[in-house]
2 protein chains.
Amino acid sequence: MTTHVPRYHRSTHREAILDFVRDRRAHLSAEEIYAGLRPNHPRLSMGTVYRNLHILVEQQRLHALHFSNGGDRYDARLEPHYHLACRRCGDVVDVDMPVLDQLDTFVRDHRGSFRIESHTVLFHGLCFACTQFERDVD
Amino acid sequence: MTTHVPRYHRSTHREAILDFVRDRRAHLSAEEIYAGLRPNHPRLSMGTVYRNLHILVEQQRLHALHFSNGGDRYDARLEPHYHLACRRCGDVVDVDMPVLDQLDTFVRDHRGSFRIESHTVLFHGLCFACTQFERDVD
DNA sequence: CTGGGTGCAAAATCTTTGCAGATCC
DNA sequence: GGATCTGCAAAGATTTTGCACCCAG
């Protein structure tokens with residue numbers, strides 16, 4: 001039982017999806033990608049968006065981010081970096097700070113049985129716009 | 001338009017859910033909680049589980065964890081701590097290392113417009129059992 | 001009493017998948 | 001030609017919600 005590895009063909013839609021996420025430099029949901037591409041790709045379907053997003057992640061041409069609200073989001077910035085999410089509006093931005101590679105090493109030494117591959121850091125809080133709607137946060 | 005804040009009553013189901021998550025000391029899904037309580041609470045429904053989990057999180061008596069595979073998981077351990085998730089089987093364990101409070105301060109100084117409240121760290125990798133199923137991971 | 005809590009089932013989300021035809025190599 | 005890609009619609013999986021009734025305060 002050897003797992004079949006497909007040799008992907010070239011696909012206009014797949015490239016369009018990748019380009020779209022790259023150009024936006026944002027953390028887009030499948031729905032946003034679909035809506036954004038629809039004008040120029042009227043025959044695009046959600047099934048195709050999902051199928052291609054999975055392939056692009058598998059090919060390491062996109063990274064998937066998992067959040068609380070709603071579904072996954074996709075990021076074309078491949079170097080490790082941290083994120084900051086607003087708990088009110090859900091907006092996600094990149095954090096401009098060095099990645100702490102030593103964390104992986106530290107945990108590796110303390111938990112040898114687990115093969116650590118990477119880590120993610122997510123900061124939680126309120127973006128500037130949303131702070132105005134939340135008064136007394138103790 | 002002032003948001004209505006309910007004064008929660010006492011509820012056998014809510015306490016049972018909280019006790020169950022506390023006793024298991026694990027990171028349980030709604031489904032697992034439902035299945036685990038069903039024997040002793042035959043009239044419990046999934047709707048009630050979800051409604052109470054939201055309330056317990058709002059009351060800060062549980063924390064919700066968000067992962068890629070499937071839905072949220074719930075944790076009764078309230079002090080900040082980090083997690084380690086196996087990308088193959090999805091198992092989640094606590095990481096025994098001090099929390100880096102200074103990260104919040106650091107990012108606060110570099111992104112004044114965002115009100116940082118906390119951060120989470122998630123390590124990714126393979127648990128010991130799953131390393132045996134994955135050979136050549138480059 | 002009044003407002004919260006619950007079961008139940010329907011609805012709402014979000015994502016996956018089967019299939020037939022089109023496309024790539 | 002054979003594997004991959006696609007639209008479409010149906011099916012899955014997960015979570016929310018409307019409603020009538022029950023229960024706590």
Side-chain angles (χ1 to χ4, degrees), chain A residues 2-21 27-59 61-74 90 92, chain B residues 2-21 27-59 61-74 87 89-90 92:
Chain A
T2 44
T3 311
H4 175 60
V5 178
R7 301 75 172 304
Y8 297 112
H9 293 179
R10 200 180 170 290
S11 140
T12 308
H13 283 164
R14 186 144 64 235
E15 300 308 315
I17 289 169
L18 180 57
D19 288 344
F20 186 76
V21 179
H27 311 87
L28 303 174
S29 66
E31 183 61 43
E32 287 166 341
I33 294 165
Y34 174 71
L37 288 174
R38 211 71 211 294
N40 292 323
H41 301 262
R43 307 203 26 95
L44 182 65
S45 67
M46 278 303 288
T48 295
V49 171
Y50 278 110
R51 275 184 287 230
N52 280 309
L53 284 173
H54 289 164
I55 292 173
L56 288 166
V57 168
E58 183 194 323
Q59 295 178 332
R61 298 206 278 166
L62 283 183
H63 281 168
L65 309 176
H66 317 292
F67 299 111
S68 44
N69 46 333
D72 291 356
R73 299 188 154 266
Y74 296 86
V92 176
Chain B
T2 44
T3 310
H4 174 61
V5 178
R7 301 74 171 304
Y8 296 113
H9 295 176
R10 198 173 176 296
S11 141
T12 307
H13 283 165
R14 185 144 65 235
E15 299 308 314
I17 289 169
L18 180 57
D19 289 344
F20 186 76
V21 179
H27 311 87
L28 303 174
S29 66
E31 183 61 41
E32 287 167 341
I33 295 166
Y34 174 71
L37 288 175
R38 212 72 210 294
N40 292 323
H41 300 262
R43 308 206 20 98
L44 182 66
S45 67
M46 277 303 289
T48 295
V49 171
Y50 279 110
R51 275 184 287 229
N52 279 308
L53 285 173
H54 289 163
I55 292 172
L56 288 166
V57 169
E58 182 194 323
Q59 296 178 332
R61 298 206 278 165
L62 284 183
H63 281 168
L65 309 176
H66 317 291
F67 299 111
S68 43
N69 46 332
D72 292 357
R73 300 191 152 263
Y74 296 87
R87 68 165 154 78
C89 69
V92 176

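Every chain is numbered from 1, with letters handed out A, B, ... down the list of sequences.
- Distance check: Thr12(B) OG1 to Asn52(B) CG gives 10.5 Å after rounding to the nearest 0.5 Å.
- Between its two ends, the helix from dC1(C)-dG25(D) to dC25(C)-dG1(D) turns its axis by 40°, counting five pairs per end and rounding to 10 degrees.
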TODO: Could you give me the CA-CA distance, side-chain angles and deciding distance for Glu58(B) and Tyr8(B), then say whether side chain to side chain contact (heavy atoms under 4.5 Å, CB included) is met?
DONE: CA-CA 11 Å; Glu58(B) 182 194 323; Tyr8(B) 296 113; 3.0 Å; yes
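- Ala16(A) and Leu37(A) make their closest contact through O-CD2, 3.9 Å (heavy atoms, listed as atom of the first residue, atom of the second, distance).
- Between Arg14(B) atom CZ and Leu62(B) atom CG the span is 11.0 Å, to the nearest 0.5 Å.
- Residue Arg14(B) has a polar side-chain atom (N or O) positioned under 4.0 Å from OP1 or OP2 of dG5(C).
- The side-chain contact (heavy atoms from CB on, under 4.5 Å) check on Glu15(A) picks up Arg10(A), Leu18(A), Arg61(A), with sequence neighbours excluded.
- Residue order along DNA chain C, read from the 5' end via each residue's closest nucleotide, puts Ile55(B) first among Arg38(B) and Ile55(B).
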- [ ] Scan nucleotides 12-25 of chain C nucleotide by nucleotide, 5' to 3', and note B when protein non-hydrogen atoms come under 4.0 Å of the base, S if they reach only the sugar-phosphate, - if neither.
- [x] --SBBBB-----BS
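- In this entry the distance linking CG of Leu37(B) with C1' of dT6(C) reads 15 Å, nearest Å.
- Taking each heavy atom of His27(B) and Leu65(B) in turn, the nearest pair found is CD2-CD1, 3.4 Å.
- Phosphate contact (OP1/OP2 of dT6(C), side-chain N/O of His41(B), threshold under 4.0 Å): absent.
- Residues satisfying the side-chain contact (heavy atoms from CB on, under 4.5 Å) criterion with Ala30(A), sequence neighbours excluded, are Met46(A), Val49(A), Tyr50(A), Leu53(A).
- In this structure, Ile55(B) CD1 and Ile17(B) CD1 are separated by 9.0 Å, a value rounded to the nearest 0.5 Å.
- Interatomic distance, Tyr74(A) OH to Leu28(A) CG, rounded to the nearest 0.5 Å: 11.0 Å.
- Among pairs with a residue in residues 27-56 of chain A, those fulfilling salt bridge (charged side-chain N to carboxylate O under 4.0 Å, His left out) read Glu32(A)-Arg73(A), at least two apart in sequence or across chains.
- Boundaries of the chain B contact region on DNA chain D are dT14(D) to dG25(D), first to last in 5' to 3' order (nucleotide atom under 4.0 Å from a heavy atom).
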